[in-house]
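Reviewing the structure listed below.
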Amino acid sequence: EMLKSFFKMIDVGNKAPCRREALAAGKVIFSDAGFNELVTKGSKKGDIVPHAEIAGILGAKFTSNLLPMCHPLPLDSVHVEVKPNHETKSVDIQAFAAAHAKTGVEMEALTAVSVSCLAVYDMCK
């Protein structure tokens, strides 16, 4: 008999691996003054764009360590793009994740965006 618990990682053992892809997006919205300072002076901590892109990739790689019911996946590709958006006074972030696996990579893409947003905020405070 299986153990009874309130939580369980879903059994994907009978599923066939296939190509999985996910795209997620997020943004950090600034005040007018904050955004203008960001684009004219940058951050005292360094260049925000590459920092946030690398942080997002690292976030995707650590997804299963952060979310207890998330399966560890062998990621084939993670791409994070960070761009200032002058119209909305924001930094817009998109993340793409891909894997050949038994379950999807949505959580990896979402984690990449979340960690990138946190990195942008941290660089600007």
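No single ILVMFWY cluster, assembled from side-chain heavy atoms under 4.5 Å apart, contains both Tyr121 and Val91. Hydrophobic clustering of Ile, Leu, Val, Met, Phe, Trp and Tyr side chains at less than 4.5 Å, counting indirect connections, keeps Val120 apart from Val115.
Closest non-hydrogen pair, Met9 versus Pro68, comes out as CE-O, 3.9 Å. Across all non-hydrogen atoms, the minimal contact from Met107 to Cys70 is CB-SG, 3.9 Å. The minimum heavy-atom distance between Val82 and Ile93, with the atom names listed, is CG2-CG1, 4.0 Å. When every heavy atom of Pro74 is checked against every heavy atom of Ala99, the shortest pair comes out as O-CB, 3.6 Å. The minimum heavy-atom distance between Pro84 and Val39, with the atom names listed, is CB-CG1, 4.4 Å. Nearest heavy-atom pair across Ala112 and Val80 is CB-CG2, 4.2 Å.
The structure places CD of Glu37 at 9.0 Å from OG of Ser31, a figure rounded to the nearest 0.5 Å. Summarising the geometry, atom OG1 belonging to Thr88 is positioned 4.0 Å from atom NZ belonging to Lys27; distances are rounded to the nearest 0.5 Å. In this structure, Lys8 NZ and Met69 CE are separated by 11.0 Å, a value rounded to the nearest 0.5 Å. Distance check: Glu106 CD to Glu108 CD gives 8.0 Å after rounding to the nearest 0.5 Å.
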Listed pairs under 3.5 Å, donor-acceptor, residues 18-26 side chains, sequence neighbours left out:
| residue | atom | partner | partner atom | Å |
| --- | --- | --- | --- | --- |
| Arg19 | NE | Glu21 | OE2 | 3.0 |
| Arg19 | NH2 | Glu21 | OE2 | 3.2 |
| Arg20 | NE | Ala101 | O | 3.4 |
| Arg20 | NH2 | Lys102 | O | 3.0 |

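For Lys83, the NZ atom is loosely surrounded, since the number of other residues' heavy atoms within 6.0 Å does not exceed 12. Within a 6.0 Å radius of CZ in Phe96, more than 12 heavy atoms belonging to other residues, nucleotides or ligands are found.
Between the side chain of Ser43 and the backbone N or O of Lys45 there is at least one donor-acceptor pair closer than 3.5 Å. A donor-acceptor contact shorter than 3.5 Å is absent between the side chain of Thr63 and the backbone of Thr111. The backbone N or O of Leu75 sits nowhere less than 3.5 Å from a side-chain atom of Lys61 that would complete a donor-acceptor pair. Ser116 contributes a side-chain N or O that, together with a main-chain N or O of Ala52, makes up a donor-acceptor pair within less than 3.5 Å.
For Lys44, there are no salt bridge (charged side-chain N to carboxylate O under 4.0 Å, His left out) partners at least two apart in sequence or on another chain.
Each of Asn36, Val28, Leu38 was scored for a side chain to side chain contact (heavy atoms under 4.5 Å, CB included) with Lys89, with one residue passing: Asn36. Evaluated for a side chain to side chain contact (heavy atoms under 4.5 Å, CB included) with Val78, the options Leu58, Ile57, Val105 yield exactly one hit, Ile57.
Between Phe30 and Phe35, the two ring planes are tilted [angle within 30° to 60°].
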